[in-house]
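Working notes for the structure below.
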Amino acid sequence: MAMLHTVNKSPYQCNTLESCLNHTQEGDVVLLIEDGVYAAAKGGRAADALAAAKGVKICALSADVKARGLDGRIIDGVEIVDYAGFVDLVTETDKTQAWL
Amino acid sequence: MAMLHTVNKSPYQCNTLESCLNHTQEGDVVLLIEDGVYAAAKGGRAADALAAAKGVKICALSADVKARGLDGRIIDGVEIVDYAGFVDLVTETDKTQAWL
Amino acid sequence: MSDVKKFLYVNRKAPHGTIYALESLEVVLIGAAFEQDVALAFLDDGVFQLLKGWDTSELGSKNFQPAYTALGDYDIQKVYVERESLEERGLSEDDLLEMVYEDEDDDWAEKSSIRIVSREELAKIMQDSDVVLSF
Amino acid sequence: MSDVKKFLYVNRKAPHGTIYALESLEVVLIGAAFEQDVALAFLDDGVFQLLKGWDTSELGSKNFQPAYTALGDYDIQKVYVERESLEERGLSEDDLLEMVYEDEDDDWAEKSSIRIVSREELAKIMQDSDVVLSF
Amino acid sequence: MKLGIVVLEGPYQHEAADTAYNFAVAALEKGHEVFRVFFYHDGVNNATRLMVPPQDDRHIQQRWSELAEKHNLDLVVCVAAAQRRGILDEDEQGRHGKDANNIAPGFRISGLGQLIEAGIQCDRLVFFGD
Amino acid sequence: MKLGIVVLEGPYQHEAADTAYNFAVAALEKGHEVFRVFFYHDGVNNATRLMVPPQDDRHIQQRWSELAEKHNLDLVVCVAAAQRRGILDEDEQGRHGKDANNIAPGFRISGLGQLIEAGIQCDRLVFFGD
């Protein structure tokens, strides 16, 4: 019973990612979209919190990564997926929760 | 040369108030409006940060305080002002900066 | 699969600042007619939606707080409120609206719909739901 | 009071997530024609507006980053970027767009418009301005 | 699979309107059924045919309308949210005595029950908002 | 004093639209001049005459229009922001070959220069947004 969580806010501005990670279960997937992708940028303070997340798979949406100039700047362990991959994540998990 | 700063985000969700307080100068006024008024609620974690702000006057907009059920729950040292008071703060200071 | 799904409405935003709280409530009221298994979750700033004593007259907008208390009439019986979110905001159950429903299995006794749950419990409730509606 | 006011555009939001960055830039471009003293400030997530290398093709929206580099042609010479905001995000000046203007007092030499300033300096710049436009 | 999509933010103002569209396109390309796209909150503003974006930018309403035509999509605009924000079809125009309407082809106005129904019928319901 | 007001968010969706209005009323009551209210970003959506809010709720467009009439206020809607979002007057309707317009009485569509001018002319400029 895995769940897909989407997070669309910058972790530097909002606590959305933090709250999401506090409610994930082992086997869940967190997909960073829109301004949420900044969490996975190398060298940033937020990247540490993300790297510390245990038992969940972290993905980031390529369209948003590229739009923001973060191509090549994403930390190891975060999988870049395109929109087709986003759709796959939705269908491969049992349900989706948007952390708005 | 005092400045009025308006803050309209909840400190529990966003870092807006923190960023504002990092940029105020002695004699400035910070007016909490909309969801910003939650910062001044008694007993909340955010109230401590607010109470620690030095050299600035903190106000909260009564319409927003009342709408949220915070009447009587605002910490000491925060002045409640109505919209007329908001206008006075704008005209008594030299300029206004909205922390959006 | 049964025809009844578990709907969970997740409310994480403060009221008034944006329309999310109000328009979420409107979905709940409509959705109640669909005979699904409905639960509401309030966490983060969403717990402020249940803080009692709103007076919106000076703000000039509609006070929709009474609609929360009416949820029991729509047979909404499960209102989960996260303890950690309350504590962080200096709130306890006494600060919240009274929300009750009549339990048909217990001679229609009036019972509180509000269930204070830990973060861990709420995470499980999210997992156990079939459809998560986020506002 | 002189006819020239000090306009400060304060940018605190990341690009793309909302329209604030783009529509702020559109004001700056129009405002440049008004012969006021114009400065731009980037702090908090606003510094991400200047992170180079945008490619919006997959997203499908317009890439408006070239307009930032064109600001020099509009005689915008003062672009303040907060050091603390950069550091927190693991960024340095090398990661930012090149933004230049031609200095008419120095034989039209091409100079960088970007000035990395401390939080304290930026607070002073805010105080010294006449009109703060927040986006 | 049968997917439902919910859009809570308006065009251009918030990226959610783009993400939802791009997600819908990708889902259709992968052969999934998009059972319904439900526009709520400011999402209803995606449905106005009066928008005129700059020529070098995307036309958010038009691409929804075209996608709907191509794939026979059900684009539903919540009536209560639409009324508040001034999105009307001819029926609504008449009912409220207004002198114009602005809904675009391919969108229809209906009640919140359509959102609940999508939750019941769809294998997955995905929200895009602020 | 001469005050300018800037509104960046749409009606009902965000409280900024209410705060700006209440502030304008209070400023006028205190005898200040409101030089201009400038609607930008989703703020332009305050200007649609097609909105039909519930009868027990405030009518955000109407109260702006009434305030404008009473105090001869200058309510300016940014043309670029309005085009993107589908707020048109008769001129704009004609220019873009649209079949309807939706701007309310008391609002006028103009350029961003009107915002800069407000910054120059006003003693204070106050922003309301997200």
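Every chain is numbered from 1, with letters handed out A, B, ... down the list of sequences. These figures come from a predicted structure and were not determined experimentally.
By the neighbour-count criterion of 12 heavy atoms within 6.0 Å, atom OH of C/Tyr74 is sparsely surrounded, having that number or fewer from other residues, nucleotides or ligands.
Contacts with chain C were tallied for A/Thr16, A/Asp94, A/Asn22; A/Asn22 has the most, counting heavy-atom pairs under 4.5 Å.
In this structure, the side chain of C/Asp106 does not engage the main chain of C/Asp103 through any donor-acceptor pair within 3.5 Å.
Using a 4.5 Å cut-off between heavy atoms, C/Glu84 does not touch chain A at all. For a residue to count as touching a neighbouring chain, one of its non-hydrogen atoms must lie under 4.5 Å from one of that chain's; by this rule C/Ser85 does not touch chain A.
Checked against C/Leu43 for a side chain to side chain contact (heavy atoms under 4.5 Å, CB included), the options C/Met126, C/Arg83, C/Arg119 give a single hit: C/Met126.
Within the 4.5 Å cutoff, no side-chain heavy atoms of C/Val131 are placed close to those of C/Leu8.
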